[in-house]
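We name chains A, B, ... by the order of the sequence lines, and we start the count at 1 in each one.
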Protein chains: 2
Amino acid sequence: MAAGTKPLRSDAARNRDKLLVAATQLIAEHGLDVPLEHVARRAGVSIGTLYNHFPTREALLGAVMPQRLAALEQVTERALADPDPWDGFVAFLEGLFALQSEDHGLNDALTQGFTLATDVSQACHRGLLDAERIIERAQVAGRLRPDFGTQDLVTLIWAMSQVIRESMNTAPGAWRRCLAFFLDGLRTEAAHPLPER
Amino acid sequence: MAAGTKPLRSDAARNRDKLLVAATQLIAEHGLDVPLEHVARRAGVSIGTLYNHFPTREALLGAVMPQRLAALEQVTERALADPDPWDGFVAFLEGLFALQSEDHGLNDALTQGFTLATDVSQACHRGLLDAERIIERAQVAGRLRPDFGTQDLVTLIWAMSQVIRESMNTAPGAWRRCLAFFLDGLRTEAAHPLPER
DNA sequence: TACGAATCTGAGGGATGCCTCAAGTTGTGT
DNA sequence: ACACAACTTGAGGCATCCCTCAGATTCGTA
């Protein structure tokens, strides 16, 4: 795929950048549903200009979110770099949820994740593949219970996203305690049979 | 408190009932945010009439939700009736979340719960007191880890409410598996130290 | 049956957010 | 300096949901 994108006029390029900055900020503060008019206003640009550059909300998210999701890759790397597979697994989850608790938009994206714009959705799937390696490593080491699958991670993300949302203002960090409870149920030695289906 | 409410005219009483029935149904189907116009329409009544009977959304919720929340009391009773304190604790959680998964409105109410109309909020608090007895009984029996408090139950409800929301259509019952993981972390023997605040 | 009070109705005004497009402005190559 | 394509603007149309109120209707009673 050659770069089919013509070079933007200088003012257009500036406005596009201002929009991306504004969108990144506001999405982090207020989530994926932030009114596009607010984004345009913070960028110091009219709503029409926003629609020139990003014809749909998804287009804007597709331009903003992948960068935020990339932060997750670092967390994954660090987790895999941990010599102890279990500690790495824990570090992954803590890093992941720490990111979510700092960015409303990321929290939303990982919740809706797979119902979203192709760009975002694909990034989520890629992230999940990486996560799978972390999970398997901890299982092979005999530390993580073997019946914990990737879908269970998705479910855990759903769960924690809400804890983060609800406690963000009143008790930030409450999610760490909740995660600790959950982790105690994920150790191999804690495992009891799961309900069938 | 004497009944300060004058008897309604027969048609008014009928309409009030129709509104309550419609609201109960639609709230269960679509959650607490269901448009009031929809409620009026399903009740076969004009929007004005709805506002005659329930001047605010909270008034309507205050009339509808306590009855739904009462279903929870039965769950609590049955849980306390279980001879095994741990089984009772588990039955309580399963009963609670089963109710939530059948009623979008109840799910919302227990999530927002304490940010809500006084009637609903009070019912939530009362429910929480009952739950405390279940928790303590399981702890005294040495089955439930002693560092699990009422606030942790609230957090768990937040978490599961989202799992229920997300999986309701695609994989109803997914919450049971998630709960099983969590429960395995709540057993006394699974307990590891929690992060200090 | 006829009257008055209780009740119902639904058009309509307000708020928010989405998105478009005709007219105006600005960058850029010549 | 000019011309034209590229870009910007923001009013305004659409949709949804909120809530109100003047006028029409209906119930209960005498």
Side-chain angles (χ1 to χ4, degrees), chain A residues 3-23 25-65 104-105 108 112 115-117 120, chain B residues 3-23 25-65 104-105 108 112 115-117 120:
Chain A
T5 56
K6 299 162 191 171
L8 287 173
R9 224 172 65 177
S10 64
D11 57 341
R14 234 178 307 123
N15 283 339
R16 190 173 194 279
D17 285 347
K18 286 195 285 184
L19 281 166
L20 288 177
V21 169
Q25 289 177 357
L26 284 178
I27 287 173
E29 290 170 27
H30 298 106
L32 297 183
D33 291 333
V34 65
L36 296 182
E37 262 107 349
H38 292 193
V39 174
R41 199 179 312 143
R42 175 162 314 187
V45 132
S46 93
I47 180 64
T49 296
L50 187 152
Y51 278 98
N52 277 349
H53 288 283
F54 308 102
T56 67
R57 174 179 234 101
E58 293 215 331
L60 180 59
L61 296 185
V64 165
M65 295 314 291
H104 260 253
D108 290 353
Q112 309 171 13
T115 332
L116 261 173
V120 180
Chain B
T5 56
K6 298 162 190 171
L8 288 172
R9 224 170 68 177
S10 65
D11 57 342
R14 232 178 309 122
N15 284 338
R16 190 174 193 280
D17 284 348
K18 285 194 285 183
L19 280 167
L20 287 177
V21 169
Q25 289 177 355
L26 284 178
I27 287 174
E29 290 170 27
H30 297 107
L32 298 183
D33 291 333
V34 66
L36 297 181
E37 261 108 351
H38 293 193
V39 174
R41 198 178 314 143
R42 175 160 316 184
V45 132
S46 93
I47 182 63
T49 296
L50 186 152
Y51 279 98
N52 277 349
H53 288 283
F54 307 103
T56 67
R57 175 179 232 102
E58 293 217 330
L60 180 59
L61 296 185
V64 165
M65 294 314 292
H104 261 251
D108 290 352
Q112 310 171 14
T115 332
L116 263 173
V120 180

Between P of C:dA6 and CZ of B:R16, the distance in whole Å | 18 Å
In whole angstrom, give the distance that lies between atom CG of A:L36 and atom P of D:dA15.
-> 19 Å
Which whole-number value in Å describes the distance from A:Y51 OH to D:dA11 C1'?
-> 15 Å
Value for OG1 (A:T49) from CG (A:L19), rounded to nearest 0.5 Å, stands at 7.5 Å
Using only side-chain N and O atoms of A:H53, determine if any of them is under 4.0 Å from OP1 or OP2 of D:dT8.
-> yes
Counting only side-chain N and O atoms of B:S46, is one of them less than 4.0 Å from OP1 or OP2 of C:dG10?
-> no
Nearest-angstrom distance from the residue atom CG of A:N15 to P of C:dG27 = 10 Å
Distance (rounded to the nearest 0.5 Å) between B:L26 CG and B:H38 NE2 | 8.5 Å
May I have the distance from A:L50 (atom CG) to D:dA11 (atom P), rounded to whole angstrom?
-> 17 Å
In whole angstroms, how far is the P atom of C:dT26 from the CZ atom of A:R14?
-> 12 Å
For A:D11, report the nucleic acid contact type (base, sugar-phosphate, nothing); a contact means any heavy atom under 4.0 Å.
-> sugar-phosphate
Please tell me which of A:P55 and A:P35 maps to the more 5' nucleotide of DNA chain C, matching each residue to the nucleotide holding its nearest heavy atom.
-> A:P35
Which residue, B:R9 or B:H38, contacts DNA chain D at a nucleotide closer to its 5' end, judged by nearest heavy atom?
-> B:H38
The single option from B:V34, B:V39, B:D33 that satisfies side chain to side chain contact (heavy atoms under 4.5 Å, CB included) with B:I27 is B:V34
Pick base, sugar-phosphate or nothing for B:S10, based on heavy-atom distances below 4.0 Å to the nucleic acid.
-> sugar-phosphate
Whole angstrom value for the distance that separates P of D:dT9 from CG of A:N52 = 9 Å
What do the steps show when you test B:M65 against B:L32 for side-chain contact (heavy atoms from CB on, under 4.5 Å), and what is the final call?
-> CA-CA 10 Å; B:M65 294 314 292; B:L32 298 183; 4.0 Å; yes
Within the structure shown, what part of the strands sits under 4.0 Å from A:I47 by heavy-atom distance: base, sugar-phosphate, or nothing?
-> base
To the nearest Å, how far apart are B:E37 CD and C:dG12 C1'?
-> 12 Å
Report the distance from atom CZ of B:R41 to atom CD1 of B:I47, rounding to the nearest 0.5 Å.
-> 9.5 Å
